[in-house]
Number of protein chains: 2
Amino acid sequence: MAYTYEYPRPSVTVDLAIFTIREGKLHVLLIRRGGQPFKGKWALPGGFVLEGEDLETAALRELQEETGVRDLYLEQLYTFGEPQRDPRGRVITVAYFALISSDRQELSAQTDAAGVEWHAMDALPPLAFDHEKILEYALDRLRNKLEYTTVGFQLLPKKFTLSELQGIYEAILGRGLDKRNFRRKIALLDILEETDEKKMEGVHRPARLYRFKARKFEKLKDKGILFPF
Amino acid sequence: MAYTYEYPRPSVTVDLAIFTIREGKLHVLLIRRGGQPFKGKWALPGGFVLEGEDLETAALRELQEETGVRDLYLEQLYTFGEPQRDPRGRVITVAYFALISSDRQELSAQTDAAGVEWHAMDALPPLAFDHEKILEYALDRLRNKLEYTTVGFQLLPKKFTLSELQGIYEAILGRGLDKRNFRRKIALLDILEETDEKKMEGVHRPARLYRFKARKFEKLKDKGILFPF
DNA sequence: CTGCTTTAGTGTCTATAATACACTATTTAG
DNA sequence: CTAAATAGTGTATTATAGACACTAAAGCAG
């Protein structure tokens, strides 16, 4: 049944650009390589697609192995297949990107022992393979998606303040946004609802906490559409 | 050097969704399969990625083999890798889409003997493999791209009338557009220039022919950006 | 308890872009 | 010269984006 072709059979991997926000800045998850090639260099988490395994399944499996996180916003990015991109031979990689909210990123800290670390996007070390190119592509896509989808919302805990939401947008876009215009557009989307709670933190007026309107949000999550800025 | 991994090595193919406009309607190029599986069914043109061959190079090569056309707008679409998508074994396919202008689509007629035919998108036969899914994805992307890029312009000969350009948009979007609004937006883009020529054809007022402003267009082609509708 | 600091929260005006909508102009065929 | 067919043109309305500044509420210091 399997493999009856007389054509080259490259290895196929998945690589993940996993983003989060820490301390107001966009970070990406990197792993320090333990073996050759590129030993000691940082790389995107990823690995080989297994026998009979779907590509997205492989990406989710790798994600869980590396970070312990399930059930994520995960999107196929691009497939990189230059013949020389891996010095060991022909390896084609399907890149995905994912977002982890600030309250779930703690889980991944458990695996930190294995050389897994969050790196600020504005202070990246040199990366293995063509992972710099992949990351550049991923950041492009992320910023783009931000403009017409709700991706940014993936990066927040269940309840959040509007300032926190704006902070996410500013961190990804790399520029400041006007508070009033931002709030007006969010309100227009009609996907948030107030809670009675307030975030009491620090020496200043407490901010109201919001959450998504569950029904609306679930529908939109599938379509991916919405959220212009 | 090559293939030192102990991991599954699927075959990797490229498949192409090649669109054109014929008689005012969106068409896609299909090939009738000569062998098993899906013998006699229609399929997207495509084929295996060769040893040491870049993915896009493979797509361009297949395109040329099937249609004789070079130098096309070609864009990676998505990679499909469900384990069971090919009954012969694990085959991962990287899908591309391309657009051929009405004056170049004639070239491809030369290979028609081999069961290569244009099919109207609104009257497709059943397709082999998961090619219906791939096509659906491609059409989605094409319509989307139309709204914020200049892709539509790829489907026209060097000189064309504004009505022809509008026809392209209507064929892809599947709905009519207002003539005055369409022309205003085109003018705003500032990427067309008038020629002195007119298209004398039929029993009616002749239309002025336009062409792209070469410099502007070359810049935009790379970026891919521009052209909201 | 007063006031200083810090972040939350709110509304208007202007500019730009999108849409709806109808008539005149030019050509050929008969 | 008239009929048929497509080319070509402008205005008014509505929706969206961006610029912009002050008041509100909490904690802490004195």
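Below, read A as the first sequence line, B as the second, and so on, with proteins coming before strands; counting in each chain starts at 1.
- Residue-level contact check: A:Arg184 touches the bases, meaning some heavy atom is under 4.0 Å from a base atom.
- Residue B:Ser163 is in sugar-phosphate contact alone, with no base atom involved, counting any heavy-atom pair closer than 4.0 Å across all strands shown.
- Distance A:Asp190 CG to D:dT16 C1': 17 Å, rounded to the nearest Å.
- Between the CG atom of A:Leu189 and the C1' atom of D:dA15 there is a distance of 15 Å, rounded to whole Å.
- Closest contact between the side chain of A:Asn181 and the listed nucleotides D:dA26, C:dT6, D:dG18 involves D:dG18.
- Atom C1' of nucleotide D:dA7 and atom OH of B:Tyr210 are separated by 10 Å, given to the nearest angstrom.
- Donor-acceptor pairing under 3.5 Å, judged by distance alone, is present between the side chain of B:Arg180 and the base of C:dA22.
- We find that B:Lys199 and B:Glu164 are joined by a salt bridge, their nearest charged nitrogen and carboxylate oxygen being less than 4.0 Å apart.
- Taking the six-membered ring where the residue is Trp, the centroids of A:Phe212 and A:Phe160 are separated by under 6.0 Å.
- In this structure, NE2 of A:His204 is placed 5 Å from C1' of C:dT7, rounded to the nearest angstrom.
- For the pair A:Pro206 and A:Asp178, nearest-nucleotide mapping onto DNA chain D gives the more 5' position to A:Asp178.
- Look at B:Glu197 and B:Lys159 and you find a salt bridge, because one of the NZ, NE, NH1 or NH2 atoms lies within 4.0 Å of a carboxylate O, short of that distance.
- A sub-4.0 Å separation between OP1 or OP2 of C:dT19 and a side-chain N or O of B:Lys185 is present.
- The side chain of A:Arg183 places an N or O atom within less than 4.0 Å of a non-bridging phosphate oxygen (OP1 or OP2) of C:dG9.
- Side chains of A:Val28 and A:Leu124 form a contact here, defined as non-hydrogen atoms less than 4.5 Å apart.
- Rounded to an integer number of Å, the gap from B:Glu164 CD to D:dT6 P is 13 Å.
- Taking atom CE on A:Met200 and atom P on D:dC28, their separation rounds to 11 Å, with Å as the unit.
- Each of B:Val203 and B:Arg208 lies near DNA chain D, and the nucleotide nearest B:Val203 is the one positioned closer to the 5' end.
- Electrostatic pairing of B:Arg211 and B:Glu194 does not count as a salt bridge here, judged by no charged N lying under 4.0 Å from a carboxylate O.
- Rounded to whole Å, atom P of C:dT7 lies 10 Å from atom NZ of A:Lys179.
- If you take NZ of A:Lys198 and P of D:dG27, they are 12 Å apart, rounded to a whole angstrom.
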